[in-house]
Amino acid sequence: MQTIIGTDIQIAANLLEKEELVAIPTETVYGLAGNALSEVAVSKIYTAKNRPSFNPLILHVASLHEIEKYAIVDDISFLIASKLMPGPITLLLPKKQTVPDITTAGSNKVAIRIPNHPITLTLLKNLTFPLAAPSANPSGYISPTTAAHVFSGLEGKIQYILNGGATSIGLESTICEIKNNSILLHRAGAISAEELATLTGLEVKNSSTHATIKTPGQLKSHYAPKIPLIVGNIEEEISNHAGKNIAVISFKHNYANYAGVTCYPLSLQGNISEAANQLFATLRLVDTGNFDIIITEIFPNEGIGPAINDRLNRAQFLHK
């Protein structure tokens, strides 16, 4: 199968209507999209990504009205959606029967959001169905933030990549759920717990670990490069791995003066949002190098910082 990168929304729509897959741009990462109401299309998503069938998918829709077509929306969830969508926030809601079980991995809840990207919003408005769209990469690997990233991972597995340029945020959406008059945070993202608490007046709690995967983004090992990655004190870890060819991914400091170290600061100005935007692209770049190990640090616990730390912790889990 030939994989083409292009900007033709109609070509993408035609393929999706035929139950084929298309990679789509969003503000977070590129998604591998298929008709969320089609068991055939959803099965193709799991196959193309080699994604575990117990890992549910996120529905992408064009409007608040569309959310109410596929899920039961409580007042607080509607408030969050009306204030923060389109944007990098996903709500976990009781699903309606129109959503097939394969899309939610058998759960009676569905994760749903409105992406904030003009190309994909136009595409969604031209379709009569929502799109299921996990990240457009082989399961477990670093999420794609450009069309070229998608091509490198899925060439020959899908026909079309809708090119919308580099993503503006670079990390997957925040996933939350209203439960027992509080907010459960299932996955950290650009919308912080503090923002949700301020908006709703509710306490935000981190979702506890479950044996059953209830939302996307709960796998312990995920976003992982092929080269082993360690999160810790950078100077200590450089000393611990002396003699190796080391890549350091830091927040703002440059460690290139250490022997055997190539350093990739994510934001020399110390901007946490810029660091998040550069994280996945930098991990992919480093993973193509001749390094023995990747060392990175714990990022500031502010804004999107917890989401960066979440992705790095999952990336290192594979090599523990």
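Each residue takes its place number in the sequence, starting with 1. Every heavy atom of this structure was used, including side-chain atoms; hydrogens, water molecules and symmetry mates were not. Being a predicted model, the structure only gives us computed values, none of them experimental.
Looking at N277, its side chain does come within 3.5 Å of a backbone N or O of S168 through a donor-acceptor pair. Distance alone, capped at 3.5 Å, places no donor-acceptor pair between the E274 side chain and the N271 backbone. Panel note: side chain R311, backbone A315; no donor-acceptor pair is recorded below 3.5 Å. With T198 contributing its side chain and E194 its backbone, the two residues share a donor-acceptor pair below 3.5 Å. Side chain of Y160 to backbone of D8: a donor-acceptor contact under 3.5 angstrom is found. Using a distance-only test at 3.5 Å, with no hydrogens or angles considered, no donor-acceptor pair links the side chain of N137 to the main chain of K49. A donor-acceptor contact shorter than 3.5 Å links the side chain of D287 to the backbone of I227.
The only member of I80, L91, V73, L79 that meets side-chain contact (heavy atoms from CB on, under 4.5 Å) when paired with I178 is I80. I67 pairs with exactly one of V110, I114, I72, L59 by the side-chain contact (heavy atoms from CB on, under 4.5 Å) rule, that one being I114.
When all heavy atoms of C263 and A256 are compared, the closest pair comes out as CB-N, 3.9 Å. H241 and I246 make their closest contact through O-CD1, 3.6 Å (heavy atoms, listed as atom of the first residue, atom of the second, distance). S173 approaches I58 most closely through the heavy-atom pair OG-CD1, 4.2 Å. Nearest heavy atom pair, residue A33 against residue I24, reads CB-CD1, 3.8 Å. Among all heavy-atom pairs drawn from P86 and P115, the shortest one is CB-O, 3.5 Å. Across all their heavy atoms, L124 and A62 have their closest contact at CB-CB, 3.8 Å.
A donor and an acceptor atom, one from each side chain of N180 and S182, are nowhere located under 3.5 Å apart. At a cut-off of 3.5 Å, with distance as the only test, no side-chain donor of T174 or R113 sits close to an acceptor on the other residue. In the model, E236 has no side-chain atom that pairs as donor or acceptor with a side-chain atom of N240 under 3.5 Å.
Note that NZ of K18 is 14.5 Å distant from OG of S38, once rounded to the nearest 0.5 Å. Atom OG1 in T122 sits 11.0 Å away from atom CG in L127 (nearest 0.5 Å). Taking CG from L21 and CG from L15, the interatomic distance works out to 9.5 Å, rounded to the nearest 0.5 Å. Rounded to the nearest 0.5 Å, atoms CG (N55) and OG1 (T104) are 11.5 Å apart. Atom CD of residue E27 and atom CG of residue L121 lie 8.5 Å apart, to the nearest 0.5 angstrom. Distance check, rounded to the nearest 0.5 Å: CD of Q269 to CZ of F251 gives 10.0 Å.
A perpendicular orientation is assigned to the rings of H253 and Y255, their planes being inclined by more than 60° (bins at 30° and 60°).
In this view, Y264 satisfies the ring-ring contact (aromatic ring centres under 6.0 Å, His included) rule with no residue, not counting sequence neighbours. Scanning for side-chain contact (heavy atoms from CB on, under 4.5 Å) contacts around A147 gives I5, Y30, I161, N163, with sequence neighbours left out. Shown here are the side chain to side chain donor-acceptor pair (under 3.5 Å) partners of T120, two or more places apart in sequence or in another chain: there are none. Take I298 and apply the side-chain contact (heavy atoms from CB on, under 4.5 Å) test, not counting sequence neighbours, and it matches V231, N309.
Residues L202 and L92 do not share a hydrophobic cluster, clusters being chains of Ile/Leu/Val/Met/Phe/Trp/Tyr side chains in contact below 4.5 Å. Cluster annotation: F291 and L279 are assigned to the same hydrophobic cluster (Ile/Leu/Val/Met/Phe/Trp/Tyr, side-chain heavy-atom contacts under 4.5 Å, transitive). Hydrophobic clustering (side-chain heavy atoms under 4.5 Å, transitive across Ile, Leu, Val, Met, Phe, Trp, Tyr) keeps I89 apart from I169. Each of L312 and I234 belongs to its own hydrophobic cluster when Ile, Leu, Val, Met, Phe, Trp and Tyr are linked at side-chain heavy-atom distances under 4.5 angstrom. Note on V261 and L229: separate hydrophobic clusters, where clusters join Ile, Leu, Val, Met, Phe, Trp and Tyr whose side-chain heavy atoms are under 4.5 Å apart, directly or indirectly.
With a 4.5 Å cut-off on side-chain heavy atoms, I9 and I119 count as touching. Between S250 and L266 the shortest side-chain heavy-atom distance does not fall below 4.5 Å. With a 4.5 Å cut-off on side-chain heavy atoms, R284 and P144 count as touching.
Judged by a 6.0 Å distance limit and a 45° cone about the ring axis, K226 is positioned over the six-membered ring of Y141.
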* Mind running side chain to side chain contact (heavy atoms under 4.5 Å, CB included) on T262 and V286 for me, showing each step along the way? => CA-CA 9 Å; T262 304; V286 169; over 6 Å; no
task = Just do the side-chain hydrogen bond (donor to acceptor under 3.5 Å, both in side chains) check on S143 and E172 with the steps written out, would you?
result = CA-CA 8 Å; S143 299; E172 295 84 358; 2.4 Å; yes
key: Verdict with reasoning, T296 to V248, per side chain to side chain contact (heavy atoms under 4.5 Å, CB included)   = CA-CA 6 Å; T296 186; V248 168; over 6 Å; no
**Q.** Trace of the side chain to side chain contact (heavy atoms under 4.5 Å, CB included) decision for C176 with L184
**A.** CA-CA 5 Å; C176 67; L184 283 183; over 6 Å; no
- Message: Working note: T26 + N116, criterion side chain to side chain contact (heavy atoms under 4.5 Å, CB included); need CA distance, chi angles, decisive distance, verdict.
- Response: CA-CA 6 Å; T26 77; N116 191 16; over 6 Å; no
Working for salt bridge (charged side-chain N to carboxylate O under 4.0 Å, His left out), residues K44 and E20:
CA-CA 8 Å; K44 290 179 179 179; E20 299 296 339; 3.3 Å; yes
Report the C-alpha separation of Q10 and N14 in whole Å, then their side-chain angles, then the decisive distance to 0.1 Å, and conclude whether the side-chain hydrogen bond (donor to acceptor under 3.5 Å, both in side chains) test is met.
CA-CA 6 Å; Q10 193 56 54; N14 291 343; 2.9 Å; yes
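Within the structure, every pair that satisfies the side chain to side chain donor-acceptor pair (under 3.5 Å) test and touches residues 66-83, not counting sequence neighbours, is listed here: D74-S77.
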For residues 151-158, tabulate all N or O donor-acceptor pairs below 3.5 Å that involve a side-chain atom, not counting sequence neighbours.
| residue | atom | partner | partner atom | Å |
| --- | --- | --- | --- | --- |
| S152 | OG | H149 | O | 2.7 |

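For N50, the CG atom counts as loosely surrounded, since its 6.0 Å shell holds 12 or fewer non-hydrogen atoms of other residues, nucleotides or ligands.
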